[in-house]
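Working notes for the structure below.
Quick note: numbers below take in every heavy atom, side chains included, and nothing from hydrogens, waters or symmetry partners. Here is the naming used below: chain letters follow the sequence lines, and residue numbers restart at 1 for every chain.
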Number of protein chains: 2
Amino acid sequence: MERASGYVQIGEAAARAGVTQRTLRYYEELKLLSPASRMEGGFRLYSPDDLERIIYIKNLRDTLGFSLAEIKEMIEAEDARNQLKHELHQTDSLEPRRARLQQLREVALRQMRIVNEKRQRLKEMRAHIQDRIDRVDALLREVADREVDTIPR
Amino acid sequence: MERASGYVQIGEAAARAGVTQRTLRYYEELKLLSPASRMEGGFRLYSPDDLERIIYIKNLRDTLGFSLAEIKEMIEAEDARNQLKHELHQTDSLEPRRARLQQLREVALRQMRIVNEKRQRLKEMRAHIQDRIDRVDALLREVADREVDTIPR
DNA sequence: TCGATCTTTCACGTGCACGTCAATGTCCGG
DNA sequence: CCGGACATTGACGTGCACGTGAAAGATCGA
């Protein structure tokens with residue numbers, strides 16, 4: 001199951017991430033996952049980093065409701081940053097690189113705004129739900145009061 | 001357009017809420033909206049309260065990623081509470097009522113847990129994105145430093 | 001080497017949340 | 001009372017995010 005070193009094939013990967021094999025192949029099709037390395041026979045191999053990314057995607061989708069297209073944008077921004085980081089030390093034209101960095105910064109800021117907005121909405125919802133709980137509790141107390149009224153003992 | 005008193009028909013309602021007419025009919029089909037009153041000819045009439053509910057649903061779906069099924073559950077819980085509130089003063093069997101209230105409380109608590117979990121996830125994401133911004137900024141400073149190196153003036 | 005258990009690539013199916021006609025009916029200003 | 005705008009109910013279509021076989025090949029333990 002474990003191939004020495006943390007590489008696993010699709011069955012294990014899917015089980016550990018809590019998704020199906022179909023989902024992993026689909027994400028690869030959408031280029032959300034780098035095509036994953038393969039063994040000689042063509043079986044996919046997933047690294048621990050791949051596993052982390054899969055779980056990251058799952059969180060973004062299941063608990064936050066981002067579409068796979070949005071997630072792809074986010075991941076691409078991150079990948080681009082990592083690549084730029086490694087390219088930076090080969091001296092090259094500076095101005096285009098600077099422009100790209102600025103662009104990455106914009107994308108990140110946009111995502112930050114989206115996330116903050118969602119958090120704000122959730123905060124409002126929380127207050128709303130708490131209000132409902134309080135009101136139900138008030139009604140429960142009212143019912144409790146009637147009980148001691150009608151069945152005093 | 002305005003029918004005296006805030007009632008509007010489906011075109012206006014859809015426009016104001018930022019959804020389509022199809023969406024409103026679909027929500028009605030799913031019983032997310034009380035069938036709304038109708039005029040003699042059968043045209044739907046939406047009250048300001050209906051409008052508010054539509055926007056509430058839109059927020060839950062678009063910006064928070066809840067499914068319409070989940071939203072229906074939330075709304076039903078709220079409607080049930082409102083109804084119970086008005087029924088409470090007609091003296092009636094107390095124990096079943098108490099059970100219902102407890103059930104409503106459970107639903108609300110479950111929703112609260114879901115919301116808190118989502119907020120926590122968003123908090124993690126925010127930190128993650130901030131980290132990316134910081135790293136991009138570091139790279140930008142690095143590029144800026146090179147500029148003064150190579151083009152000193 | 002053989003068989004059981006994966007994994008591969010098509011390819012069609014599905015549930016959700018609507019979109020998009022089409023045919024018909026209603027409302028209202030002139 | 002009539003024309004044009006707006007509405008009604010079907011019913012089929014669509015995009016997304018997978019589900020579900022089917023047929024074939026790969027891997028591994030006995």
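Between B:Leu45 atom CG and C:dT26 atom P the separation is 15 Å, expressed in whole Å. Residue A:Arg38 contributes atom CZ, which lies 12 Å from atom P of C:dT7 at whole-angstrom precision. Counting to the nearest Å, the C1' atom of C:dT26 and the CZ atom of B:Arg44 are 14 Å from each other. Separating the OH atom of B:Tyr46 from the P atom of D:dC6 is a distance of 16 Å, rounded to the nearest angstrom. Between the P atom of C:dC6 and the CD1 atom of A:Ile10 lies a distance of 14 Å, rounded to the nearest Å. Distance, A:Met39 CE to D:dG25 P: 17 Å, rounded to whole Å. Counting to the nearest Å, the P atom of C:dC6 and the CZ atom of A:Phe43 are 11 Å from each other.
A distance-only check finds a donor-acceptor pair linking the side chain of A:Arg119 to the backbone of B:Arg119 [under 3.5 Å].
Contacts between residues 63-77 of chain B and DNA chain C, defined by a heavy-atom separation below 4.0 Å, involve B:Ser67, B:Leu68, listed by number. Scanning residues 51-60 of chain B for heavy-atom distances under 4.0 Å to DNA chain D yields an empty list. Heavy-atom distances under 4.0 Å link DNA chain D to A:Tyr26, A:Tyr27 of residues 24-33 of chain A, given in residue order.
Taking 4.5 Å as the limit, every side-chain heavy atom of A:Val136 sits out of range of all side-chain heavy atoms of B:Gln102. In this structure, B:Leu32 and B:Glu28 have side chains that are not in contact, with every pair of non-hydrogen atoms separated by 4.5 Å or more. Using a 4.5 Å heavy-atom threshold, the side chains of A:Ile57 and A:Ile75 count as touching. Taking the side chain as every heavy atom from C-beta outward, B:Leu45 and B:Arg38 never approach each other to under 4.5 Å. Using a 4.5 Å heavy-atom cutoff, the side chains of B:Leu60 and B:Leu68 are not in contact. Residues B:Lys118 and A:Lys118 are not in side-chain contact: their nearest non-hydrogen atoms beyond the backbone lie 4.5 Å or more apart.
Residues passing the side chain to side chain contact (heavy atoms under 4.5 Å, CB included) test with B:Asp137 are A:Arg105, B:Ile133, B:Leu140, B:Arg141, sequence neighbours excluded. Residues forming a side chain to side chain contact (heavy atoms under 4.5 Å, CB included) with B:Arg132 (at least two apart in sequence, or on another chain): A:Ala77, A:Glu78, A:Arg81, A:Ala108, A:Gln111, B:Ile129. Listed by chain and number, the residues in a side chain to side chain contact (heavy atoms under 4.5 Å, CB included) with A:Arg121 are A:Glu117, A:Glu124, B:Asn59, B:Thr63, B:Leu64 (sequence neighbours excluded). Partners of A:Lys31 by side chain to side chain contact (heavy atoms under 4.5 Å, CB included), not counting sequence neighbours, listed by chain and number: A:Lys72.
Every pair passing ring pair (Phe, Tyr, Trp, His ring centres under 6.0 Å) that includes a residue from residues 28-66 of chain B is listed here, sequence neighbours excluded: A:His128-B:Tyr56. Sorted by first and then second residue, the ring pair (Phe, Tyr, Trp, His ring centres under 6.0 Å) pairs involving residues 107-127 of chain A (not counting sequence neighbours) form an empty list. Residue pairs meeting the salt bridge (charged side-chain N to carboxylate O under 4.0 Å, His left out) criterion with at least one member in residues 46-56 of chain B, sequence neighbours excluded: B:Arg53-B:Asp79.
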Would you tabulate the pairs of protein nitrogen or oxygen atoms and nucleotide nitrogen or oxygen atoms of nucleotides 19-21 of chain C closer than 3.5 angstrom?
| residue | atom | partner | partner atom | Å |
| --- | --- | --- | --- | --- |
| C:dG19 | OP2 | B:Thr20 | OG1 | 2.6 |
| C:dG19 | N7 | B:Arg22 | NE | 3.3 |
| C:dG19 | O6 | B:Arg22 | NH2 | 3.2 |
| C:dT20 | O4 | B:Arg22 | NE | 3.2 |

Distances for protein N or O near nucleotides 22-24 of chain D N or O, under 3.5 Å:
none

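For the pair B:Gly41 and B:Asp62, nearest-nucleotide mapping onto DNA chain C gives the more 5' position to B:Asp62.
A salt bridge is defined here as a Lys NZ or Arg NE, NH1 or NH2 lying under 4.0 Å from an Asp or Glu carboxylate O, and B:Glu70 with B:Arg61 fails to meet this definition. Here A:Glu12 pairs with A:Arg16 in a salt bridge; the nearest charged N to carboxylate O distance falls below 4.0 Å.
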